[in-house]
There are 2 protein chains.
Amino acid sequence: MSSNTWLDQLRENGYRLTESRRAVVEVVATTERALTPVEVFDAARSRYPALGLVTVYRTLEKLEQLGLVQRVHQENGCNAYLTHARGHQHLIICKTCGRAEYFSGDDISSLIQRVSQQHGFTVKDHWLQLSGLCPDCQKLRDEGDD
Amino acid sequence: MSSNTWLDQLRENGYRLTESRRAVVEVVATTERALTPVEVFDAARSRYPALGLVTVYRTLEKLEQLGLVQRVHQENGCNAYLTHARGHQHLIICKTCGRAEYFSGDDISSLIQRVSQQHGFTVKDHWLQLSGLCPDCQKLRDEGDD
DNA sequence: CTCCATGCAAAATATTTGCAATTCA
DNA sequence: TGAATTGCAAATATTTTGCATGGAG
């Protein structure tokens, strides 16, 4: 969907548009869950078989610098990448299928203010992530295991 | 400080108290910032030079299972371990020196409820972490760099 | 004395770097 | 054409495993 926007962003920042980059961008931009470099590699090779894993790493690095993807930290590790939300948003991730969605409008400013005062810290950033079951996985669970 | 409690916990769970484990426990239990396995290794070797890095990994694994330490996820990675707070608490970490403190009393239940309804997710866990400058590092910054 | 635990070495992973060949602009 | 980019291979970095020895209980 937003693949073209991403490609524009790359071009505008002086990067060349190669088949490798197109393949990586298409995979990450159209997947709604966080993917590890190897997962991106596997998925993108079906579109461009000559792709190398190294290029996936390098492309993800650039996309992260441009703010198009972000690293997602989970219990299993923190090496998965996901489309970055526009503006200040937070993540909710499904524990079963990994599906991720963003939400905004966090009203935790009062909490931050309280903690700042109590601990004497100057708070610069905050990071909030929810996890649970997405609608589909709830349904599967309710209907019993298949 | 709580080193002894930790050692008790280990013993009560059927683990033997060895010099290696004492050294690792003492380092992690008395450090107020998150440490990587290698950092623990280096610090603990000054107390017990025969220590091996592998044992650090294995000990941290057990401490994590017992809920005595927790992994801390930061921008640089998620392989640092910190004393686990009792009960449900959240972290605030200093961006400069890495010092970490826990805070509790998060009143984000209304937020969680709202997001649950809007996205249809059943929220099971949440993870909130603040970062900024601790009092000491603010002071240093205010007084100019030394 | 009996196992659990250790440390070494080596294996298995994960990520980064050097470099000649390729390809976009 | 010229410089950016690629993919391979190899170098690092990180974590795990196999196994003989050592030490706690």
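Values in this document were obtained by computation on a predicted structure and should not be read as measured data. Each chain gets a letter, A, B and so on, in the order the sequences are listed, and its residues count up from 1.
- The distance between atom CG of B:L7 and atom P of C:dA5, rounded to the nearest whole Å, is 14 Å.
- One interatomic measurement links the two molecules: CZ of B:R21 to C1' of D:dG23, which rounds to 12 Å at whole-angstrom precision.
- Residue pairs satisfying the salt bridge (charged side-chain N to carboxylate O under 4.0 Å, His left out) criterion with at least one member in residues 79-94 of chain B, sequence neighbours excluded, are absent.
- Each end of the helix from C:dC1-D:dG25 to C:dA25-D:dT1 gets its own axis, taken as the rotation carrying the C1' atoms of four end pairs onto the next four within a five-pair window, and the two axes meet at 40° to the nearest 10 degrees.
- By the side-chain hydrogen bond (donor to acceptor under 3.5 Å, both in side chains) test, B:R16 is found to be paired with no residue, residues two or more places apart in sequence or in another chain being considered.
- With sequence neighbours left out, the side-chain contact (heavy atoms from CB on, under 4.5 Å) criterion links B:E32 to B:R99.
- Taking only side-chain nitrogens and oxygens, A:S20 comes nearer than 4.0 Å to OP1 or OP2 of D:dG7.
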- Query: Which parts of nucleotides 18-25 of chain C does protein reach within less than 4.0 Å, heavy atoms only, written one letter per nucleotide 5' to 3' as B for base, S for sugar-phosphate only and - for none?
  - Reply: B----BBS
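- Taking CZ of A:R114 as the start and OG of A:S110 as the end, the distance is 8.5 Å to the nearest 0.5 Å.
- Distance CZ (B:F41) to P (D:dT16): 16 Å, rounded to an integer number of Å.
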With a cut-off of 3.5 Å and sequence neighbours excluded, list every side-chain donor-acceptor pair involving residues 48-70 of chain B.
| from | atom 1 | to | atom 2 | distance (Å) |
| --- | --- | --- | --- | --- |
| B:T59 | OG1 | B:T55 | O | 2.7 |
| B:Q70 | OE1 | B:Y102 | OH | 2.6 |

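- Listed by chain and residue number, A:T31, A:L35, A:E39 satisfy the side-chain contact (heavy atoms from CB on, under 4.5 Å) test with A:R33 (two or more places apart in sequence, or in another chain).
- Rounded to an integer number of Å, the gap from CD of A:E61 to C1' of C:dT15 is 11 Å.
- With sequence neighbours left out, A:Q118 forms a side-chain hydrogen bond (donor to acceptor under 3.5 Å, both in side chains) with no residue at all.
- Within the hydrophobic cluster formed by Ile, Leu, Val, Met, Phe, Trp and Tyr side chains joined at under 4.5 Å, directly or through other members, B:W127 is accompanied by A:W127.
- Residue B:N13 contributes atom CG, which lies 15 Å from atom P of C:dC4 at whole-angstrom precision.
- Annotation: side-chain hydrogen bond (donor to acceptor under 3.5 Å, both in side chains) contacts of B:E26 (sequence neighbours excluded): B:R47.
- Here D:dG7 presents its C1' atom at 11 Å from CG of A:L53, a figure rounded to the nearest Å.
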Got a list of protein N/O to nucleotides 11-14 of chain C N/O distances below 3.5 Å?
none

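- Here the C1' atom of nucleotide C:dA5 and the CG atom of B:L51 are 12 Å apart, to the nearest Å.
- By the ring-ring contact (aromatic ring centres under 6.0 Å, His included) test, A:H90 pairs with A:H88, A:F103, A:H126, sequence neighbours left out.
- Under a 3.5 Å cut-off, the side chain of A:Q74 and the backbone N or O of A:G98 do not form any donor-acceptor pair.
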